[in-house]
Visitor: 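Below is one structure. I have some questions about it.
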Amino acid sequence: MTPDLPDFTTILLERRGRLLVVTLDRPAAMNAVNLALHDELPEALAFAARDARSDVVMLTGSGKAFSAGGDIAHMEHNAANPHLFDHEARQAKRIVFAMLDIEKPVVCRMNGHAIGLGASIALLCDVIFAADGAKIGDPHVGIGLAAGDGGAVIWAQRIGLTRAKEYLLTGDLLTTRHAAEIGLINHCLPADQLDAAVDAFCDRLLAGATNAIRWTKVLTNMELKRIAGAVMEAGIAYESLSVRSADHREGIAALKDRRKPEFSAR
């Protein structure tokens, strides 16, 4: 760890010249989001935003996944104690706005699956390079939750409202190849070509006109921030309501049992 970089338990920070690499670091859990990662990620992103020694940020995951979404044991604990979720809902809001507030370009090296909040984090990056064979999706509804932690903000801005509704209302996962074809992500590459492509793109940004690049990003993020400001408060409220539902408890039980959930009849 470089002395001037903060130390986290679930995130690694690394300098490569003027590039700051932020790595989600729970590889044994496929970088699934637990309480510690919920709490540390907005702090790491806030540091990245103010860090005077970097001009480009790369966001990636340790091991085989980018982020597999919510940690199952942690979600089960929250489902049984839903008041605990309210803190994490607020942290999810902080994560979304922290991503949007970084003026430096943020490049996603999506080395593996990006699911749920993991997908939102990836999609809030500026440019996404993903490994072929990985999947991306927001299956909140599959476990009885409203997609309130960023999915309702970013999906429609990337692929349009009609496609966004199809994927958010079903929770279907997309291959990275299909995601690139429809414009959800920028590039799908063989895994052995991912690092070279990401490094080359970051180097190109680092060699560019820093202020012009930053200010162009600020301009393009203005509409995203307006939408996030309009949507996130309600999104967090709806997700907090749904975490208290019988459908969510059934969704978690089905996920643990590797079976199809049987949601309550209306």
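The structure presented is a predicted model; accordingly, all values stated were derived computationally and were not measured.
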Visitor: Do any N or O atoms from the side chain of Arg26 and from the backbone of Asn31 form a donor-acceptor pair under 3.5 angstrom?
Guide: no
Visitor: To the nearest 0.5 Å, what is the distance between NE2 on His187 and CG on Leu194?
Guide: 11.0 Å
Visitor: Is there a donor-acceptor pair closer than 3.5 Å between any side-chain N or O of Arg249 and the backbone N or O of Arg244?
Guide: yes
Visitor: Given side-chain contact (heavy atoms from CB on, under 4.5 Å), test Leu184 with Tyr167 step by step and report yes or no.
Guide: CA-CA 11 Å; Leu184 184 67; Tyr167 293 115; over 6 Å; no
Visitor: Report yes if the side chains of Phe129 and Arg109 come closer than 4.5 Å at any heavy-atom pair, otherwise no.
Guide: no
Visitor: Determine, using the 4.5 Å side-chain heavy-atom cutoff (strictly less than), whether Ile102 and Leu205 are members of one ILVMFWY cluster.
Guide: no
Visitor: Quick one: are Met30 and Lys64 in side-chain contact, heavy atoms under 4.5 Å?
Guide: no
Visitor: Please give me the minimum heavy-atom distance between Ala134 and Gly112, naming the atom from each residue.
Guide: CB-C, 3.5 Å
Visitor: Does the pair Glu76 and Leu255 meet the rule for a side-chain contact (heavy atoms from CB on, under 4.5 Å), with working shown?
Guide: CA-CA 10 Å; Glu76 183 180 27; Leu255 190 62; over 6 Å; no
Visitor: Give me the atom names and distance for the closest heavy-atom approach of Val56 to Cys202.
Guide: CG1-SG, 4.2 Å
Visitor: So how far is it from Ile128 CD1 to Leu123 CG, rounded to the nearest 0.5 Å?
Guide: 4.5 Å
Visitor: Shortest non-hydrogen contact from Ala147 to Asp138?
Guide: CB-OD2, 4.1 Å
Visitor: Going from CD1 on Ile154 to CG on Leu100, what distance comes out if it is rounded to the nearest 0.5 angstrom?
Guide: 7.0 Å
Visitor: Would you kindly say whether Thr23 and Glu14 are connected by a side-chain donor-acceptor distance under 3.5 Å?
Guide: no
Visitor: Taking C-beta and beyond as the side chain, do Arg16 and Met58 meet within less than 4.5 Å on heavy atoms?
Guide: yes
Visitor: Has the side chain of Asp257 got a donor or acceptor atom that lies under 3.5 Å from a matching backbone atom of Arg259?
Guide: no
Visitor: Is there a donor-acceptor pair under 3.5 Å between the side chain of Asp25 and the backbone N or O of Thr10?
Guide: no
Visitor: Does Ile227 reach the side chain of Met232, with side-chain heavy atoms less than 4.5 Å apart?
Guide: no
Visitor: Under a 3.5 Å distance rule, please check whether Asp51 uses its side chain to pair with a backbone N or O of Phe47 as donor and acceptor.
Guide: no
Visitor: Taking the side chain as every heavy atom from C-beta outward, state whether Leu169 and Val141 have any pair of such atoms under 4.5 Å apart.
Guide: no
Visitor: Could you check Asp101 against Lys225 for side-chain contact (heavy atoms from CB on, under 4.5 Å), going step by step and ending with a plain yes or no?
Guide: CA-CA 8 Å; Asp101 283 340; Lys225 291 173 76 170; 2.8 Å; yes
Visitor: Hey, are the side chains of Val127 and Cys108 touching, using non-hydrogen atoms and a 4.5 Å cut-off?
Guide: no
Visitor: Quick check on the hydrophobic clustering: are Leu45 and Phe97 connected, directly or via other members, by side-chain heavy-atom contacts under 4.5 Å?
Guide: yes
Visitor: Would Glu223 and Arg226 count as a salt bridge (charged side-chain N to carboxylate O under 4.0 Å, His left out) here? Give the steps.
Guide: CA-CA 5 Å; Glu223 180 65 4; Arg226 184 191 69 81; 2.7 Å; yes
Visitor: What pairs with Arg204 under side chain to side chain contact (heavy atoms under 4.5 Å, CB included), at least two apart in sequence or on another chain?
Guide: none
Visitor: Would you say the side-chain atoms of His113 pair up with the backbone N or O of Phe66, donor to acceptor, closer than 3.5 Å?
Guide: no
Visitor: For Thr176 and Lys135, does a side-chain donor sit closer than 3.5 Å to a side-chain acceptor?
Guide: no
Visitor: Heavy-atom distance under 4.5 Å between the side chains of Val96 and Met99, does that happen here?
Guide: no
Visitor: Between Gly171 and Pro139, which heavy-atom pair has the shortest distance, and what is it?
Guide: O-CB, 3.5 Å
Visitor: Main chain of Ser264, side chain of Asp247: is a donor-acceptor contact present, judged purely on distance under 3.5 Å?
Guide: yes
Visitor: Given the rule that I, L, V, M, F, W and Y join up when any side-chain heavy atoms are under 4.5 Å apart, are Val153 and Leu59 in one cluster?
Guide: yes
Visitor: How far does CD1 of Ile95 sit from CD1 of Ile121, to the nearest 0.5 angstrom?
Guide: 5.0 Å
Visitor: Membership question, hydrophobic clusters at under 4.5 Å side-chain separation (ILVMFWY): are Ile115 and Ile159 in the same one?
Guide: no
Visitor: Stepwise, does the side-chain contact (heavy atoms from CB on, under 4.5 Å) test hold for Val22 with Ile11?
Guide: CA-CA 7 Å; Val22 180; Ile11 297 169; 3.8 Å; yes
Visitor: Just distance, no hydrogens or angles: give the donor-acceptor pairs under 3.5 Å from side chains in residues 87-94, sequence neighbours left out.
Guide:
| from | atom 1 | to | atom 2 | distance (Å) |
| --- | --- | --- | --- | --- |
| His87 | NE2 | Asp39 | OD1 | 2.7 |
| Glu88 | OE1 | His74 | NE2 | 2.7 |
| Glu88 | OE1 | Asn78 | ND2 | 3.3 |
| Glu88 | OE2 | His74 | NE2 | 2.8 |
| Glu88 | OE2 | Asn78 | ND2 | 3.1 |
| Gln91 | OE1 | Arg94 | NH1 | 3.3 |
| Gln91 | NE2 | Asp39 | OD1 | 3.1 |
| Lys93 | NZ | Glu233 | OE1 | 2.3 |
| Arg94 | NH1 | Glu43 | OE2 | 3.2 |
| Arg94 | NH2 | Glu43 | OE2 | 2.7 |

Visitor: If two hydrophobic side chains count as joined below 4.5 Å and joins carry through other members, does Phe201 share a cluster with Ile185?
Guide: no
Visitor: Under 3.5 Å, is there a donor-acceptor pair between the side chain of Asn221 and the main chain of Leu224?
Guide: no
Visitor: Can you check whether Lys217 reaches Glu103 side chain to side chain, under 4.5 Å on heavy atoms?
Guide: no
Visitor: For Met75 and Ile143, work out which heavy atoms get closest and say how close.
Guide: SD-CD1, 3.8 Å
Visitor: Keeping the roles fixed (side chain from Lys256, backbone from Ala73), state whether a donor-acceptor pair exists under 3.5 Å.
Guide: no
Visitor: Atom CG of Leu24 and atom CG of Leu41: how far apart are they, to the nearest 0.5 Å?
Guide: 6.5 Å
Visitor: Counting heavy atoms not belonging to Glu262, are there more than 12 under 6.0 Å from its CD?
Guide: no
Visitor: Give me the atom names and distance for the closest heavy-atom approach of Asn111 to Thr60.
Guide: OD1-OG1, 3.3 Å
Visitor: Under 4.0 Å between a side-chain nitrogen and a carboxylate oxygen: does that hold for Asp55 and Lys104?
Guide: no
Visitor: Nearest 0.5 angstrom please: Lys165 NZ to Thr162 OG1, how far?
Guide: 9.0 Å
Visitor: For Glu40 and Thr9, indicate whether the former's side chain and the latter's backbone hold a donor-acceptor pair under 3.5 Å.
Guide: yes
